[in-house]
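Questions regarding the structure given below will be posed in turn.
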Amino acid sequence: MVDPRTSVISHRLSGISRIIAVSSGKGGVGKSMVATALALSLAKEGCRVGLFDLDFTGPSTHIILGVPTNVQPKEDKGIIPPIVEGLEYMSLVFFVGDNPAPLRGADVSNALIELLSVTQWGELNFLVIDMPPGISDAVLDLVRLVERIEFLIVTTPSLLAFEVVKKQVALLCELKMPIIGIIENMKIDKSNMFEMAIEKLLLK
Ligand SMILES: Nc1ncnc2c1ncn2[C@@H]1O[C@H](COP(=O)(O)OP(=O)(O)O)[C@@H](O)[C@H]1O
Ligand SMILES: [Mg+2]
């Protein structure tokens with residue numbers, strides 16, 4: 001069955017030049033931090049940027065940005081994202097609030113489709129999406145629904161993260177999804193740390 005909302009989604013996203021999905025096979029590697037920092041940095045460079053928190057497992061960019069609790073999107077033939085720190089900002093929290101009830105299965109798909117089809121982004125140079133972790137149905141839905149999506153993968157130097165991310169990259173390659181880069185977040189130069197420790201010890 002063809003969902004009529006999918007063509008609405010293409011129309012809603014038509015004014016956006018590039019759609020960057022910040023994603024990782026693994027949770028807790030810094031997706032939300034990277035997505036928020038990337039969006040803020042692009043805005044600082046003078047670009048028109050939107051930040052879209054679609055991590056239904058734990059939306060967190062509103063915490064990083066300190067979005068005041070009284071901020072709400074306006075309705076006008078759709079939903080207009082509020083401006084937060086110069087970004088057009090939209091998050092699932094506007095709709096589910098701090099409600100601990102998790103979205104599951106078809107509810108997740110429906111919420112994603114609904115949000116994508118009602119949000120009015122207007123003209124943007126970049127839309128940065130904070131993605132749910134893993135290669136869940138929700139991620140596959142987004143791949144299907146958002147044409148022109150490009151992936152920015154986040155990992156950490158940990159073997160545990162790296163091995164999971166490797167599988168995600170293989171899957172995205174199989175799906176012929178463009179990957180613009182892989183960020184190795186929270187990397188600590190251990191050799192440097194060791195030298196610093198030695199220096200400190202010798203100074204004593
Ligand atoms: N480059 C970094 N340096 C220090 N702490 C970081 C860095 N990136 C992320 N963190 C911290 O790691 C934790 C997980 O980051 P988060 O962005 O919530 O990950 P994810 O969205 O992948 O679950 C948070 O406490 C965050 O503040
Ligand atoms: Mg997150």
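Excluded from the calculations below are hydrogen atoms, water molecules and symmetry mates; all remaining heavy atoms, backbone and side chain alike, are included. Only a predicted model underlies this, so the values are computations on that prediction, with no experimental measurement involved. Atoms within a ligand are numbered from 1 in the order they appear, just like the ligands themselves.
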Residue from Val146, Val8, Asp141 passing side chain to side chain contact (heavy atoms under 4.5 Å, CB included) with Leu116: Val146
Ser32 backbone or side-chain N/O/S under 2.8 Å from the Mg ion (ligand 2): yes
Gln168 and Ser24: side chain donor to acceptor below 3.5 Å: no
Residues lining ligand 1 [heavy-atom distance under 4.0 Å, listed by chain and residue number]: Gly28, Val29, Gly30, Lys31, Ser32, Met33, Asn185, Met186
side-chain contact (heavy atoms from CB on, under 4.5 Å) between Leu172 and Ile153, intermediate numbers included: CA-CA 10 Å; Leu172 290 174; Ile153 308 292; 3.6 Å; yes
4.5 Å side-chain heavy-atom contact, Phe126 and Ser17: no
Donor-acceptor pair between Asp130 and Ser32 side chains, under 3.5 angstrom: yes
Derivation and outcome, side-chain contact (heavy atoms from CB on, under 4.5 Å), residues Ser41 and Leu38: CA-CA 5 Å; Ser41 307; Leu38 176 68; 5.7 Å; no
